[in-house]
Amino acid sequence: PVQGGESVRSLRLRFVVAVPVPLPGRRRTVLVLDSRLSCRLVGSRARELARSFAGLLGLTLAAGPAPRRPTASGGDRDPDGPAAETETVELSGRSAASRDLLDWIRRVAPSELPVLVRGETGTGKEAVARTLHGSGPRRNGPFVAVNCTALSESLLEAELFGSQRGAYTGADRDRPGLFRLAHGGTLFLDEVGDTSPAMQAKLLRALQERRVRPVGGEREILVDVRVLAATHRDLAGMVRTGLFRADLYHRLAVLEVRVPPLRERRRDLLPLVRDLGTRLARETGCGPPRLAACAWRALRGYSWPGNVRELHSVLARALLRAPGRTILATDLDLPALPSLPAAEPVEEVVD
């Protein structure tokens with residue numbers, strides 16, 4: 001509980017706790033939690049919970065650089081908009097499937113045509129989209145991404161097309177929308193297969209007319225974007241069953257890129273583990289992972305239904321279980337492990 005303080009009294013706060021966020025190499029950052037309601041957590045219990053959350057927040061922020069905000073056409077800028085990344089995401093692989101994928105990406109990237117990126121969850125569809133953008137003619141423009149699954153239909157409409165002040169509850173100012181923020185660059189529609197029929201119709205009109213009308217607005221605004229879309233669903237099958245508009249499908253899938261699952265490119269496992277090891281060393285502060293031969297054989301023997309995303313999670317947990325030592329098969333926390341000798345010599349395959 002907090003006593004005193006003009007701002008605390010004016011906001012009618014009954015609970016405030018502030019703890020530092022651990023961010024090595026950056027200026028001091030503080031996490032502040034407050035509430036107008038009574039809180040059962042007081043004293044050391046509240047500080048312990050806040051410190052735990054601050055530690056997780058620091059780990060997340062330390063994983064990458066601070067996001068940059070895209071600039072909309074006409075100089076508009078949305079301070080609450082998504083971060084824009086314009087650099088090329090490097091993709092590599094030893095397998096034939098990966099070589100075919102990279103060759104097709106090189107052919108598709110210079111085009112201005114829409115691209116549909118297909119692949120299972122966790123295969124790296126957004127990485128492919130960023131590579132297409134970074135290798136294409138709009139590389140100097142913004143790359144703006146939105147996950148169509150994460151928002152309701154009404155929120156997604158306002159997010160994509162923008163909104164006028166007073167158009168809905170909480171609309172306290174004009175918002176340009178992601179189409180306008182991506183003007184001159186690329187708009188990436190992730191999981192477009194999860195959009196509603198009504199939203200599909202609005203997307204189709206925006207793609208056909210190259211114009212958008214903000215929610216609550218009276219005039220349409222010209223936009224110039226290259227649209228990349230991604231889905232883990234069978235959109236062609238959804239078209240046949242009437243769950244996805246055929247005209248929108250043909251607009252989005254002028255070109256298609258299929259990202260193969262990890263089980264189809266097992267030769268890529270070692271370079272992926274090496275690449276992820278560098279990232280995990282930064283995220284966890286534990287240093288790059290070192291794998292014993294038994295752990296390496298367990299990785300190769302697993303089917304990876306969650307693909308690269310699952311591989312990242314498995315390695316992260318193993319690294320935290322075995323800080324400073326070689327990771328064994330038992331550290332990997334896989335659903336099923338192959339039969340291994342009880343005492344197998346350690347062979348460091350990733351360092």
Side-chain angles (χ1 to χ4, degrees), residues 21-26 29 31 49-67 83 85 87 89-94 98 119-128 130 145 147 150 190 232 259-338 340 346-351:
V21 177
L23 282 172
R26 300 193 188 185
T29 303
L31 172 68
L49 179 62
R51 287 196 185 102
S52 299
F53 185 74
L56 293 173
L57 179 61
L59 184 62
T60 302
L61 294 176
E85 301 288 349
E87 68 271 13
V89 177
E90 296 295 338
L91 299 175
S92 60
R94 300 177 179 178
S98 288
E120 296 178 5
T121 299
T123 51
K125 297 185 289 296
E126 183 169 346
V128 170
R130 289 183 181 274
N147 189 317
D190 196 10
H232 71 283
V259 187
L262 190 52
R263 62 181 175 275
E264 293 182 11
R265 47 191 181 104
R266 292 182 185 274
R267 290 192 63 189
D268 298 340
L269 198 56
L270 179 57
L272 276 173
V273 171
R274 291 187 186 277
D275 291 345
L276 288 173
T278 302
R279 175 179 167 186
L280 286 167
R282 182 177 69 247
E283 292 176 346
T284 64
C286 294
R290 295 172 299 170
L291 272 67
C294 58
W296 179 238
R297 236 187 353 260
L299 292 178
R300 287 185 299 178
Y302 185 56
S303 61
W304 299 108
N307 295 292
V308 180
R309 188 175 298 147
E310 184 182 12
L311 176 63
H312 174 274
S313 299
V314 167
L315 289 176
R317 291 193 297 269
L319 198 56
L320 291 171
R321 286 193 183 97
R325 67 171 175 83
T326 300
I327 294 173
L328 305 176
T330 51
D331 296 318
L332 293 174
D333 189 27
L334 293 173
L337 292 173
L340 300 170
V346 169
E347 173 192 349
E348 293 183 2
V349 297
V350 178
D351 53 28

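What's counted below: heavy atoms across the whole structure, side chains too, no hydrogens, waters or symmetry copies. Position 1 is the first residue of the sequence; numbering continues from there.
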* Heavy-atom closest contact (Gly119 atom, Lys125 atom, distance) -> O-NZ, 3.2 Å

* Roughly how far, to the nearest 0.5 Å, is CG of Leu299 from CZ of Arg266? -> 10.5 Å

* Asked: Going through the checks in order, is the side-chain contact (heavy atoms from CB on, under 4.5 Å) test met by Leu315 and Val273?
  -> CA-CA 8 Å; Leu315 289 176; Val273 171; 4.2 Å; yes

* **Rounded distance (nearest 0.5 Å) linking atom OG of Ser303 with atom CD of Glu310** => 7.5 Å

* To do: Indicate yes or no: at least one non-hydrogen side-chain atom of Pro288 is less than 4.5 angstrom from one of Leu280.
  => no

* Rounded distance [0.5 Å steps], OG1 in Thr326 versus CG in Leu291 -> 8.5 Å

* **Test item: Arg265 and Leu272 side chains (from C-beta on) under 4.5 Å apart, heavy atoms** => yes

* To do: Show the numbers, then the answer: is there a side-chain contact (heavy atoms from CB on, under 4.5 Å) between Leu270 and Arg300?
  => CA-CA 9 Å; Leu270 179 57; Arg300 287 185 299 178; over 6 Å; no

* Asked: Looking at CG of Leu328 and CZ of Arg325, how far apart are the two atoms once the value is rounded to the nearest 0.5 Å?
  -> 5.5 Å

* Please answer whether the main-chain N or O of Arg309 pairs with a side-chain N or O of Trp304 as donor and acceptor at a distance below 3.5 Å. => no

* Structure fact -> Scanning both residues in full, the closest heavy-atom pair of Trp296 with Leu269 reads CH2-C, 3.9 Å

* Assess whether salt bridge (Lys or Arg N to Asp or Glu O under 4.0 Å) is satisfied between Arg317 and Asp331, documenting all intermediate values. => CA-CA 8 Å; Arg317 291 193 297 269; Asp331 296 318; over 6 Å; no

* Run the numbers on Arg290 and Ile327 for side-chain contact (heavy atoms from CB on, under 4.5 Å), then give the verdict. => CA-CA 6 Å; Arg290 295 172 299 170; Ile327 294 173; over 6 Å; no

* Report the distance from atom CG of Leu319 to atom CG of Leu276, rounding to the nearest 0.5 Å. => 11.5 Å

* To do: Taking only Lys NZ, Arg NE, NH1 and NH2, and the carboxylate oxygens of Asp or Glu, determine whether Glu120 and Arg263 approach each other closer than 4.0 Å.
  => yes

* Roughly how far, to the nearest 0.5 Å, is SG of Cys294 from CG of Leu332? -> 8.0 Å

* Thr123 and Asn307 side chains, donor-acceptor separation under 3.5 Å -> no

